[in-house]
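Hydrogens, waters and symmetry mates play no part in the numbers below; they use all other heavy atoms, side chains included. Small disclaimer: the values here were computed from a predicted structure and weren't measured. All ligand and atom numbering here is 1-based and tracks the order in the structure.
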Amino acid sequence: MARVFARADAVLTLAGPDGPRAGAAMSELGIVEGGSVAVDDGGAIAWVGAHAALPSAFAEAEVVDCRGRALMPGLVDSHTHLVWAGDRKDELELRLGGADYEAIFARGGGILSSVRKTRAIDEDELFEQSHVRIRRMRRCGTTTFEIKSGYGLELEAERKQLRVARRLARQAGYRVRTTCLAAHAVPAEARGSAADRAAFIDRICEQILPALVREQLADFADVFCDRGAFDVEESRRVLQAARALGLGLRVHANELGPTGGAALAAELGASSADHLLYLDDDDRRRLREAGVVATLLPGTSAVLGKPYADGRALIEAGVPVAVATDCNPGSCAFENLAMVLALACYGNRLLPAQAVCAATHNAAASLGLADQVGSLQPGRRADLLVLATADVRDLVYHAGSPLVEQVWQDGVRVA
Ligand code: NIG
Ligand code: FE
């Protein structure tokens, strides 16, 4: 049955080109006042405009009264690690007591502790634990998810994580893109010698990535290119192997220091470079010239007590910016992207309109999905949020309040 979301005080269409948006374009939300959105029975947007101009073809459609409300695209979380086993609340307390994230990691805790739990768990149980989280995330307004592996660090367990990510899409109906992050950390069994470490990189390039691509489990590959993880040479090898297999590229870059990951992302024309706490003008210029989306993860800065990436400088430099949760068991288990959007304003110095573009269209563009989601335009999927306010700035002003009233995916109410 066709449906009309009718008479919203503001429809944030984010109408515009499919590519990532930069500079002034990030503030242009394409707002239609007194607007309506018509959705066909296939779950696609059929028409958007001022309600007075609604085509008569939709006269009989079911109406969702949006008076006093704003309508916006469903949020797109373009960086999550949401498939993991167990939790690391013990580290939360250690860190709040003064322990350092990198020190915990170097001692074999951190990522490696989630690796032990994720290797040990059975696939159905991993699915159940992950399903609980993704359901909450969608209830907060996220309708598209990028999900990384990276708590397996061996073929079997990486495959198990990505199979769960695919099942969340096929079996549970979530909109998901997957990323193989086998280069997340050097696993315990490869920490003995430089040769073991090199052999692990070989395994990623020659065994893990090819198998996962063959099984169509990965859309992208990612590397944690940073202090204590992988250096630029190692990261380049993995990313080049991934590219040769047809995968898109994403990079965890410059989170812990000015470690060269952002320049590498630019050199390889990655879809996204993420974190970016330590950048200089030259890095920003390279990202802009290569068209890399800079993905900010302010929740992680908040949890780890780190500086915030300078989002305003990135926007002023003409780099397209996205915002995501980084939802993971250690450095930030935040699930609420609307809340993180607010943090991008207070921490990364984005304006509310820029943060909305960052968490919708630009995030979708970094995933190659902007022709489907991230804006409200005819032909796009009807993934949309009805807000309990007419002013989207309330997501920032009243950060954390329950302002996402209705969540719709493919024209079906999901929360
Ligand atoms: O993006 N930086 C590396 N990976 C994650 C942290 C993962 C973890 O601590 O389990 C991140 O912050
Ligand atoms: Fe991450």
For Arg88, the atoms of ligand 1 under 4.0 Å from one of its heavy atoms are 8 (C), 9 (O), 10 (O)
Taking side chain as C-beta onward, heavy atoms only, is Phe334 less than 4.5 Å from Asp326?
-> no
Determine whether more than 12 heavy atoms belonging to other residues, nucleotides or ligands lie under 6.0 Å from atom CZ of Arg285.
-> yes
Going by heavy atoms in the side chains, are Pro298 and Val323 under 4.5 Å from each other?
-> yes
For atom 6 (C) of ligand 1, which of Phe224, Phe105, Tyr101 has the closest heavy atom?
-> Tyr101
List the closest protein heavy-atom neighbour of atom 7 (C) of ligand 1: residue, atom name, distance to the nearest 0.1 Å.
-> Tyr151 OH, 3.2 Å
Asp383 bridged to Arg381 by N-O distance under 4.0 Å = no
Can you pull out the closest protein heavy atom to atom 4 (N) of ligand 1? Residue, atom name and distance to 0.1 Å, please.
-> His184 NE2, 2.8 Å
Any idea which atoms of ligand 1 are less than 4.0 Å away from a heavy-atom of His79?
-> 1 (O)
Is Arg191 paired with Asp196 through a side-chain N to carboxylate O contact shorter than 4.0 Å?
-> no
In ligand 1, which numbered atoms sit nearer than 4.0 Å to a non-hydrogen atom of His275?
-> 1 (O), 2 (N), 11 (C), 12 (O)
Could you tell me which atoms of ligand 1, counted from 1 in the order shown, lie closer than 4.0 angstrom to a heavy atom of Ile111?
-> 7 (C), 8 (C), 9 (O), 10 (O)
What atoms of ligand 1 come closer than 4.0 angstrom to any heavy atom of Glu255?
-> 2 (N)
Is any side-chain heavy atom of Leu350 less than 4.5 Å from a side-chain heavy atom of Ile315?
-> yes
So the protein N/O/S atoms within less than 2.8 Å of the Fe ion (ligand 2) come down to His79 NE2, His81 NE2, His252 NE2, Asp326 OD1
Ligand-residue contact atoms, ligand 1 with His81, heavy atoms, under 4.0 Å | 1 (O), 4 (N), 5 (C), 11 (C)
Stepwise, does the salt bridge (Lys or Arg N to Asp or Glu O under 4.0 Å) test hold for Lys89 with Glu91?
-> CA-CA 5 Å; Lys89 292 173 201 169; Glu91 279 174 36; over 6 Å; no
Would you call Arg237-Glu206 a salt bridge at under 4.0 Å N-O?
-> yes
Give the residue and atom name of whichever protein heavy atom lies nearest to atom 11 (C) of ligand 1, and the separation in Å to one decimal.
-> Asp326 OD2, 3.1 Å
Name the orientation class of the two ring planes belonging to His184 and Phe224 (parallel below 30°, tilted from 30 to 60°, perpendicular beyond 60°).
-> tilted
Parallel under 30°, tilted from 30 to 60°, perpendicular over 60°: which one fits the rings of His252 and His275?
-> tilted
Axial cation check for Tyr174 ring with Arg138, 6.0 Å and 45° limits = yes
